[in-house]
Structures are given as C-alpha cells and as structure tokens.
*Asks:* 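Structure below; questions to follow.
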Amino acid sequence: MSAPERSDGAFWDVLRATTQSRIGLGRTGDALPTRRVLEFSAAHAAARDAVHQPLDVDDLAARVRELGIGDPIVVTSRAADRGEYLRRPDLGRVPADLAAVPTVPDADVAILLADGLSPKALTDHGVALARAILDALPPDVTVAPPVIATQARVALGDHVARALGVRTLLVLIGERPGLSVADSLGIYLTHRADPEDFAAGVTDAHRNCISNIHPPEGLGYADAARIAAGLVVGARRLGRSGVDLKDTSRAELGGDAQRPGLD
C-alpha cells in the first residue's frame, strides 16, 4: 500500500519538527520567501548580540555564590575589550592577573565559568549546569572555590588550574553562536597528573569536550553533568584526559555527546 500523498509544505513541516536546521525554505520566484529572509536576519542578529553582549559579572557571581562552594573569584584575560578579544584569540588564552586566585592544594576539581564567544550562554545556563555537575560528582571529590573568567578562551583555564593547584579542571564556556543556536554552552575537561605539566603547555588533544548544552533543544544539564562526572572519575583513574579518555555514557544517551573542541 502506497503512502498517502502530502503537499510539499506538510512534508517539510514534519522534517522541520525534528531539527533546528534550515530546510525546505521554499521559493518566491528566484528568491527565498520574505518570511524566511526575515527569520535568517533575526537569527544572524541574535548570534551577533550573543557574541557582543557583556557578561553581568556581579549578577553571575551572586548566583554562583549560592552553589555553596565558596565565594567566586573573578579573573580576566589580557584582552582589553570585546573587540580585542575577537581579533586576538591569543590574548584570551592568557590571564591578566592571577593574584586573587588562592592555592587550594586539597581540592580535586575546579570549575571555571567563562564567557567565551557567547556570554549569553553562560548567563542562561552556567549556574544551573554547575549545580548539576556538583550533584553528579562522587561525594569523595572536593571542589575548589569557583572562578569566573571574562574575555576568556578555554586555555585560560590552564593557568587558573595551575594557580589553584588542582589536577582536574572543568571549564564551562559559551560556545560560538550559530544561526540556529546562540546560547550553547560547552564543558572542557583537562586533567594532568602533575600540576607542573601545565607549564609545558596543553593542546586540545589533552582535553575532553561536551558541547551543545542548551536545554530544552540541546543537551540537558543532567545528561551533560553525568558525562562530565564520568570523565572526572575516568581521568583520575587514568591519570590524564584527552584522546585516551573515553566517554562511556554515549550508548546511554543514544548519540555522540562528546566532540573535539574547536577553540
């Protein structure tokens, strides 16, 4: 028995319900319909706003304080402003000053909340994700006071971890906005057996990334936290992170939740 006939519009409506991608946009003569052009322009504007929106550090710090793991420490990179941050990624990887960062030799894990390329993502999801991670970590894992970083790239966390004296670092950072999602958050885990290894430099091959965290459309907080906690346990057991450390929760989630970083 053949499938019932459907109009092109109904066919694309069914597919569009399963993805945020722009598919089946239609045509008006040789151009896109006005509605689709306006949707694209709005998405482009949202992505630009997400990149340039300044992080409200005071508001974020107040909410982070409620996590109960200490008063947040605020650091910034050597990028003087947002424009320089975007033009000079290298400056975003180096802290301007770490004098306020204490050494916490008894802590196992540090959580750094970084604005990255989408301060909006950190504002919307950072505290809830950090809370989920704290709930998912094993009870014997001690956590250092939280750190908030502005104008920050992932690698800035390496310097913070070294200053804290922790072996495992979780960087929660705003991901590069796209034309479908402007508020996606990522987690980068870096583990070194010896804090002195940070002095030798760390590459993306030494990190594990959990990306596309932005419920309800993207990965949820609980699932992301479960993956992160599993990677923390695995890194402590293996003595390193990166390409040798595998995410064993993929099968449970039914997809590839861990991807290599792009920063």
*Asks:* Rounded to the nearest 0.5 Å, what's the gap from CD on E66 to CZ on R131? Could you check?
*Replies:* 7.0 Å
*Asks:* I'd like to know if the side chain of R78 and the backbone of P95 have a donor-acceptor N/O pair within less than 3.5 Å.
*Replies:* yes
*Asks:* By the definition side-chain hydrogen bond (donor to acceptor under 3.5 Å, both in side chains), identify the one residue from Q151, Q53, H52 that meets it with R82.
*Replies:* Q151
*Asks:* When you compare the side chain of S118 with that of E175, does any pair of heavy atoms fall below 4.5 Å?
*Replies:* no
*Asks:* Let me confirm one number: the CG-CD1 distance from D247 to I210, rounded to the nearest 0.5 Å.
*Replies:* 7.0 Å
*Asks:* Show the nearest heavy-atom pair for residues L245 and G234, with the distance to one decimal.
*Replies:* CD1-C, 3.6 Å
*Asks:* What do you reckon, is CZ of R48 surrounded by more than 12 foreign heavy atoms closer than 6.0 Å?
*Replies:* no
*Asks:* Under a 4.5 Å cut-off applied to non-hydrogen side-chain atoms, are D204 and V154 in contact?
*Replies:* no
*Asks:* Can you list the steps and then say if Y221 with I133 is a side chain to side chain contact (heavy atoms under 4.5 Å, CB included)?
*Replies:* CA-CA 8 Å; Y221 304 139; I133 291 172; over 6 Å; no
*Asks:* Would you please test L164 and V147 for side chain to side chain contact (heavy atoms under 4.5 Å, CB included) and show each step?
*Replies:* CA-CA 10 Å; L164 287 168; V147 179; 4.3 Å; yes
*Asks:* Determine whether a donor-acceptor pair (N or O, by modelled atom type, separation under 3.5 Å) exists between the side chain of S241 and the backbone of H206.
*Replies:* yes
*Asks:* Going from CG on L55 to NZ on K120, what distance comes out if it is rounded to the nearest 0.5 angstrom?
*Replies:* 12.5 Å
*Asks:* Show, in sequence, the C-alpha distance, side-chain angles and deciding distance for D115 and T150, and conclude whether the side chain to side chain donor-acceptor pair (under 3.5 Å) test is met.
*Replies:* CA-CA 6 Å; D115 54 2; T150 61; 5.0 Å; no
*Asks:* Working note: R240 + D244, criterion salt bridge (charged side-chain N to carboxylate O under 4.0 Å, His left out); need CA distance, chi angles, decisive distance, verdict.
*Replies:* CA-CA 8 Å; R240 58 187 178 276; D244 294 328; 2.9 Å; yes
*Asks:* Could you tell me whether the side chain of T142 and the main chain of D106 form a donor-acceptor pair under 3.5 Å?
*Replies:* yes
*Asks:* Verify the cluster assignment for V127 and L185: are they in a single hydrophobic cluster under the rule of side-chain heavy atoms below 4.5 Å apart?
*Replies:* yes
*Asks:* Using the rule given for side chain to side chain contact (heavy atoms under 4.5 Å, CB included), can you reason through L172 versus L112, listing the C-alpha separation, both sets of side-chain angles and the distance that settles it, and then say yes or no?
*Replies:* CA-CA 6 Å; L172 282 52; L112 185 146; over 6 Å; no
*Asks:* Does the pair D158 and R162 meet the rule for a salt bridge (charged side-chain N to carboxylate O under 4.0 Å, His left out), with working shown?
*Replies:* CA-CA 6 Å; D158 299 342; R162 188 180 179 198; over 6 Å; no
*Asks:* Just wondering, do L134 and I111 contact through their side chains at under 4.5 Å, heavy atoms?
*Replies:* yes
*Asks:* Supply the atom-to-atom distance I173 CD1 to I213 CD1, rounded to the nearest 0.5 angstrom.
*Replies:* 12.0 Å
*Asks:* Compare all side-chain heavy atoms of Y188 with those of L169 and state whether any distance is below 4.5 angstrom.
*Replies:* no
*Asks:* Determine whether a donor-acceptor pair (N or O, by modelled atom type, separation under 3.5 Å) exists between the side chain of T203 and the backbone of A205.
*Replies:* yes
*Asks:* Mind checking whether I69 and L122 sit in one hydrophobic cluster, side chains of I, L, V, M, F, W, Y counted as touching below 4.5 Å?
*Replies:* yes
*Asks:* Taking the side chain as every heavy atom from C-beta outward, state whether V171 and I187 have any pair of such atoms under 4.5 Å apart.
*Replies:* no
*Asks:* Check whether any side-chain heavy atom of L117 sits under 4.5 Å from a side-chain heavy atom of P177, and report yes or no.
*Replies:* yes
*Asks:* Determine, for R36 against E39, whether the closest basic-nitrogen to carboxylate-oxygen distance falls under 4.0 angstrom.
*Replies:* yes
*Asks:* State the CZ-CG distance between R63 and D56, to the nearest 0.5 angstrom.
*Replies:* 8.5 Å
*Asks:* Under a 3.5 Å cutoff, is there a donor and acceptor pairing between the side chains of S41 and H44?
*Replies:* no
*Asks:* Between H125 (side chain only) and D183 (backbone N and O only), is there a donor and an acceptor less than 3.5 Å apart?
*Replies:* yes
*Asks:* For D223 and R226, run salt bridge (charged side-chain N to carboxylate O under 4.0 Å, His left out): C-alpha distance rounded to whole Å, both residues' side-chain angles, the deciding distance at 0.1 Å, then the answer.
*Replies:* CA-CA 5 Å; D223 286 337; R226 185 176 67 249; 3.0 Å; yes
*Asks:* Counting heavy atoms not belonging to D140, are there more than 12 under 6.0 Å from its CG?
*Replies:* yes
*Asks:* List the atom of A121, the atom of G174, and the distance in Å for their closest heavy-atom pair.
*Replies:* CB-CA, 4.0 Å
*Asks:* Looking at A114 and A152, what are the two nearest heavy atoms and their distance?
*Replies:* CB-CB, 3.8 Å
*Asks:* Please check if I148 and L91 belong to a single hydrophobic cluster, counting links between Ile, Leu, Val, Met, Phe, Trp and Tyr side chain heavy atoms closer than 4.5 Å.
*Replies:* no
*Asks:* Any heavy-atom pair between the side chains of V75 and L156 that's under 4.5 Å?
*Replies:* yes
*Asks:* Taking all non-hydrogen atoms of both residues into account, name the closest pair between G26 and P33 and its distance.
*Replies:* O-CD, 3.5 Å
*Asks:* Would you please test N212 and E217 for side chain to side chain contact (heavy atoms under 4.5 Å, CB included) and show each step?
*Replies:* CA-CA 9 Å; N212 202 37; E217 293 87 1; over 6 Å; no
*Asks:* Any chance you could measure L25, atom CG, to L32, atom CG, to the nearest 0.5 Å?
*Replies:* 5.5 Å
*Asks:* With a 4.5 Å cut-off on side-chain heavy-atom distances among I, L, V, M, F, W and Y, is there a chain of contacts connecting W12 to L179?
*Replies:* no
*Asks:* Same cluster or not: are L189 and L238 linked, directly or through other Ile, Leu, Val, Met, Phe, Trp or Tyr residues, by side-chain heavy atoms under 4.5 angstrom apart?
*Replies:* yes
*Asks:* Hey, are the side chains of T168 and D108 touching, using non-hydrogen atoms and a 4.5 Å cut-off?
*Replies:* no
*Asks:* Is the positively charged end of R35 above the ring of F40, judged by distance under 6.0 angstrom from the centroid and angle within 45° of the axis?
*Replies:* no
*Asks:* How close do L219 and S211 get, heavy atom to heavy atom, and via which atoms?
*Replies:* CD2-O, 4.1 Å
*Asks:* Quick one: closest heavy-atom pair of A96 and S77, and the distance?
*Replies:* CB-O, 3.5 Å
